[in-house]
Amino acid sequence: MKIQHPQNWPETAEAAIPIQDQLKSLVVTTDQLESIQYVAGVDVGFLDNYSISQAAVAVLSFPDLQLQEQAITQRKTTFPYLPGFLSFREVPVILDALEKLTITPDLIICDGQGIAHPKRFGLACHLGVLIDVPTIGAAKSRLIGIHQELPPEKGSWQPLIDNGEVIGAVVRSRTNVKPLYVSPGHRISLETSINYVLQCTSKYRLPETTRYADHLASQSD
DNA sequence: GCGACAG
DNA sequence: ATCTTGTCGC
């Protein structure tokens, strides 16, 4: 797919802040998606003691979840890991990987937060706004927000709240396992995000999309 | 000042 | 994120 890479990507939090404040206003958290035929999963890993970032993308058919296409890319890491600024570290490589795809995903499930972020602008929002594709944030752990205890059964969920505002949901993707933190990235509502994450999850805790991407990244051959 | 803190 | 073997439980 054709990707427009932003100019002058920031390398410090100070330079990233104004960009977050500018782009967060472009985030859409209402359903603005077509019928989903292709769902993609993205995962970023590191090599050479973190100096090289590697992104793996897997495109699956929906709802049958069969692998259709995959891509992997590497590039120098230019931004440090700072809670609240993860997208500035991982989005560049992800854009490289997406650019290699022949298929344009109708939806992308990201490994990180969507609006469940201090500025309501997590990795999934940043990626979604830049490429104008619906995205969902499905993180393995919490960044911010509080929630009630969650029943142990697969499918149960509780709203994630920050300052009285619902910013996402804590979702049990599998019975008796740690929950997933789901939040809208771009062009999708929270309810729809939860539904797609569950529909993309079969036998394991993580959605099949991110599992394929994780697997691809760990092989890198 | 003391913790918390996506990956 | 990454370094790593076995092990407990459904």
Side-chain angles (χ1 to χ4, degrees), chain A residues 9-11 13 16-17 19-20 23-24 27 41-58 72-97 108-130 135-147 151-154 160-163 167-186 190 193-194 197 202-207 209-211 213-220:
Chain A
W9 194 266
E11 298 191 352
I17 291 175
I19 295 176
Q20 290 185 314
L23 298 180
K24 66 181 182 185
V27 175
V42 192
D43 177 56
V44 174
F46 300 88
L47 301 171
D48 288 332
N49 194 212
Y50 302 95
S51 66
I52 301 295
S53 298
Q54 171 172 277
V57 190
I72 188 165
T73 57
Q74 289 92 206
R75 71 146 62 192
K76 283 187 184 175
T77 303
T78 60
F79 200 98
Y81 169 68
L82 297 175
F85 296 89
L86 180 66
S87 64
F88 292 92
R89 178 176 170 84
E90 306 193 341
V91 166
V93 231
I94 292 176
L95 292 177
D96 290 341
I108 299 176
I109 297 181
C110 305
D111 194 357
Q113 315 290 345
I115 61 171
H117 175 281
K119 292 262 189 74
R120 308 294 182 260
F121 193 66
L123 170 62
C125 302
H126 200 159
L127 178 65
V129 166
L130 291 184
T135 57
I136 294 174
K140 295 184 293 297
S141 60
R142 188 194 67 91
L143 207 208
I144 60 166
I146 57 176
H147 63 86
E153 298 76 31
K154 172 176 182 173
L160 221 207
I161 291 152
D162 180 53
N163 288 314
I167 58 173
V170 186
V171 182
R172 198 73 82 180
S173 56
R174 209 200 139 160
T175 299
N176 288 324
V177 297
K178 293 190 357 177
L180 253 31
Y181 293 76
V182 178
S183 58
H186 185 50
L190 174 59
S193 297
I194 295 171
V197 166
S202 45
K203 189 181 181 184
Y204 305 93
R205 176 167 90 121
L206 302 179
T209 41
T210 73
R211 292 190 73 248
D214 280 354
H215 194 77
L216 212 198
S218 63
Q219 300 245 285
S220 60

In terms of relative ring orientation, are A/His147 and A/Tyr181 parallel, tilted or perpendicular, with 30° and 60° separating the classes? perpendicular
Can you say whether the rings of A/Trp9 and A/Phe88 are parallel (under 30°), tilted (30 to 60°) or perpendicular (over 60°)? tilted
Segment of DNA chain B, first to last nucleotide, that comes within the 4.0 Å heavy-atom reach of chain A: B/dA4 to B/dG7
Between [N] atom [atom2] and [X] atom [atom1], what is the distance in whole Å?
X        : N      : atom1 : atom2 : answer
A/Leu47  : C/dT2  : CG    : C1'   : 11 Å
A/Asp48  : C/dT2  : CG    : C1'   : 13 Å
A/Leu86  : C/dA1  : CG    : P     : 11 Å
A/Arg205 : C/dC10 : CZ    : P     : 19 Å
A/Gln54  : C/dA1  : CD    : C1'   : 12 Å

Does [X] reach a base, just sugar-phosphate, or nothing at all? Heavy atoms under 4.0 Å.
X        : answer
A/Gly84  : base
A/Tyr181 : nothing
A/Asn176 : nothing
A/Phe85  : base
A/Gly45  : sugar-phosphate

Euclidean distance, A/Cys125 SG relative to A/Ile136 CD1, rounded to 0.5 Å: 11.5 Å
Gap separating the CZ atom of A/Arg89 from the OG atom of A/Ser53, nearest 0.5 angstrom: 6.0 Å
Would you mind reporting whether [Y] and [X] have side-chain heavy atoms less than 4.5 Å apart?
X        : Y        : result
A/Leu130 : A/Leu23  : yes
A/Cys110 : A/Leu127 : yes
A/Ser173 : A/Val197 : no

Could you tell me whether the side chain of A/Tyr81 has a donor or acceptor atom within less than 3.5 Å of a complementary atom in the base of C/dA1? no
